[in-house]
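Numbered from 1 within each chain, the chains take letters A, B, ... in sequence-line order.
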There are 2 protein chains.
Amino acid sequence: MAIQTNEENYLSSVKNALRILRCFSMDEPEKKISDISASLGLNKSTVSRTMSTLASEGFVFKDPESKKYRLGLSILSLGGIVNSQMDIYRESQPVLNKIVQELGETAHISVLDNNEVIYLQKVECNHPVRFLTHVGRRNPLYCTSSGKVLLAHANEEVFNTVLQKGLEQHTKTTIIKPEKLKSHLRQIKEQGYSWSNEEYLEGVNSIASPIHDYKGRVIAALAIVGPKQRIQQSKIKGYSKRVISAANEISSRMGYWK
Amino acid sequence: MAIQTNEENYLSSVKNALRILRCFSMDEPEKKISDISASLGLNKSTVSRTMSTLASEGFVFKDPESKKYRLGLSILSLGGIVNSQMDIYRESQPVLNKIVQELGETAHISVLDNNEVIYLQKVECNHPVRFLTHVGRRNPLYCTSSGKVLLAHANEEVFNTVLQKGLEQHTKTTIIKPEKLKSHLRQIKEQGYSWSNEEYLEGVNSIASPIHDYKGRVIAALAIVGPKQRIQQSKIKGYSKRVISAANEISSRMGYWK
DNA sequence: CACAGTAATTGCTCTATATGCAACAAGGTG
DNA sequence: CACCTTGTTGCATATAGAGCAATTACTGTG
C-alpha cells in the first residue's frame, strides 16, 4: 500500500529502494533510517525493511562507528562494470595519465546524460587542491567547460531543455543570457575547445575539448581543471592545444578519422 | 506472490531487483529480459516490470544498438560516492600514480569484504597487457597477492571460512594445502609483503603490501600486477621494497605511526 | 513481402505481500 | 533513573506484485 502511488506502472517498493539509494550523496554519505524516512516521505518501517533488504545484498551497510547507513561495496562492483563497458573508459586512461603528467592538472572524461554532464573518469594531479569533481558527479551543462563542449555539439532539443530548466547565476561570470550562451557555444564549436572562467565555482577554471566516435559524433569531452591561479587566461592558448590533441588522440583510438 | 519466498522478512520485489542488478557482470554486461528471467528463475513479466522501474531511475538502460539492457549511470554516480567516502581512496591516488610511473606496472588498492578481496582503486600502466582486474572486482583471498596480505592479517575466523569454502586449484602454483597456506601467510606477515606467483591466473604475477589505519589495523593492501615476464622472480626483492614503501606512505597519510 | 519464430509488454485475476500503525526494544542524555 | 530519540517487529488490511496468457513488437528467412 502507498499514498505515493502509481504514477506509472512501476513497482513501488523497488522504486522506493532506488530512491533510497539515490538519496545518498557526496554531501550526505551516511544516513539514519529516520533521516531517509523524513526526506523521502516514507514510513519508518518501510525504510527499515527496505534497508535490511538492501543490506542483505551489500548495497548498503551499517557503519559500526556512527551506526548510520552507507552505500555498500556491491555498488562499487557494479560501478566497475559500468565503466569498463564504456569504450571511452578503456581508451582514455593512458591519454589522461599522460596529460596529467605533462600539465600537472587534474583531467577527466565526461559525457552528457539527462541534460547534465556526468564525469566518468578522473586522473588526479598531485597538487593539494583537488576533489572538486568525482567520478559520477553531475554538473550543469551551461557553465562548465565539459558541459559547454557537449552542449555545443548536442542537438537543439537539449539546448532548449537546458534553457527551460533555467540558467542559474552560480558566479559572477556564469553566462545566463540565452542569446549570449548560444553564440558562445557556436564559438566553442568553431575553435574546438571551451574554457570555463570560474563560471561554476569561484576560483576554478577548466578547459575542455570534444571526443568523437567512429561515426564522428561527439560522445564525450576531455577536460582539465584547476585553480585560476594555475589555469590563467594567458595559458589558455597553450593548454587548449594540448587538451585538443589529447582529445583527438582518444577520438582516433575510438576509430574516428578526421 | 512468489515461490522463491521468505527466507527472511526481506522485501521480495526489492530483493529481485537487486539480484537482477547483480547478475550483470564483467563477462555478461548486457542482458535480455529472457536471459535474466532464465538465470534467476523469475517470471518474464516480473523481470520486465522490474527492469522498467530500474530504468526509470537510471539504474539500467536499454542499449539502442543491441536492444539489450546495461547497467546505467546512476550506478556510476553512487559508485563515486562510495569511493570518496573511503579515506584510503583519497590518500592513495597520488601514491599509486607515483609507483605506476616508476615501475611501469598497474597498481591497485583493495580491501577485504565478505571473505574476498575487492579492488577499490586502480591506476593502469600504459602497457598493452591490462584489464586483468577492474575496480569493484572480487577475487579469492588465498591465491592473489592482495588477498594473501589481507588474509594474513585478518582474524582466525576469516581464515577458517576461507578453508571451509574450499581452496580451489586455479593454476599449478595455487596453494591448496591448508597447513602450507597457513605457514605461507605467517611468512607474509613477517616479511611485510606477499607475491603471487601465477597462483590465480597463468602468466600473471603480483606483489602486495599491507596498509594500516591510525590504529595500526590492516585495512587495505596495495599491489602491483603484471605479466610474469615483467614481474620476474629476480625482481621481486626490488619491487617489493618499493611496494612496501608506497603502502607505508599511504599508511602514514592515514595517520599510522609505525 | 509475408510468415515464422523469438522476445517483450500488458490486461487480468488472485493471493501473497508490502504498508502503516502501534507497541516494543535499545540506546543516549540530561 | 526517567525521558527522549531511533530502529525493529507483530499484526491486520488493502494493495500491489506475481503468474499466466494473449498481444504486440521485432528479426530474420524462405
Checklist entry - Are any non-hydrogen side-chain atoms of B/H170 and B/Y142 less than 4.5 angstrom apart? => result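 B/H170 reaches B/Y142 side chain to side chain.
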
Checklist entry - Does a side-chain heavy-atom distance below 4.5 Å link A/K182 with A/F159? => result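 Yes, close enough: below the 4.5 Å cut-off.
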
Next on the checklist: Below 30° counts as parallel, above 60° as perpendicular, anything between as tilted: where do the rings of B/H153 and B/H212 land?
Outcome noted: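 Rings of B/H153 and B/H212: perpendicular, over 60°.
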
Checklist entry - Between D/dG17, C/dT9, D/dT8, which nucleotide has the shortest distance from any of its atoms to the side chain of A/L11? => result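 Among D/dG17, C/dT9, D/dT8, the one nearest the side chain of A/L11 is D/dG17.
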
For [N], does either OP1 or OP2 sit under 4.0 Å from a side-chain N or O belonging to [X]?
X	N	result
A/K68	D/dT6	no
B/T46	D/dG19	yes
B/N16	D/dA18	yes
A/K67	C/dG28	yes
B/K31	C/dA8	no
B/S12	C/dA16	no

Next on the checklist: Any salt bridge linking A/D63 with A/K68? Criterion: basic side-chain nitrogen under 4.0 Å from a carboxylate oxygen.
Outcome noted: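 The answer is no: the pair does not qualify as a salt bridge.
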
Item to check | Note: A/R19-B/E57 ion pair, threshold 4.0 Å (strictly below) | outcome: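 No, no charged N to carboxylate O under 4.0 Å.
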
Can you tell me the distance, in whole Å, between the [atom1] atom of [X] and the [atom2] atom of [N]?
X	N	atom1	atom2	answer
B/I33	C/dT10	CD1	P	11 Å
B/L42	D/dA18	CG	P	8 Å
B/K32	D/dT27	NZ	C1'	11 Å
B/N43	C/dT13	CG	C1'	14 Å
A/K15	D/dA16	NZ	C1'	15 Å
B/Y10	D/dT9	OH	P	10 Å

Item to check | Residue whose closest nucleotide on DNA chain C lies nearer the 5' end, B/S13 versus A/K44 | outcome: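 Closer to the 5' end of DNA chain C: B/S13.
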
Item to check | Side-chain-base donor-acceptor pair under 3.5 Å for B/R49 and D/dG19 | outcome: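 Check passes, donor-acceptor contact within cut-off.
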
Checklist entry - Of A/Y69 and A/V14, whose closest DNA chain D nucleotide lies nearer the 5' terminus? => result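 That would be A/Y69.
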
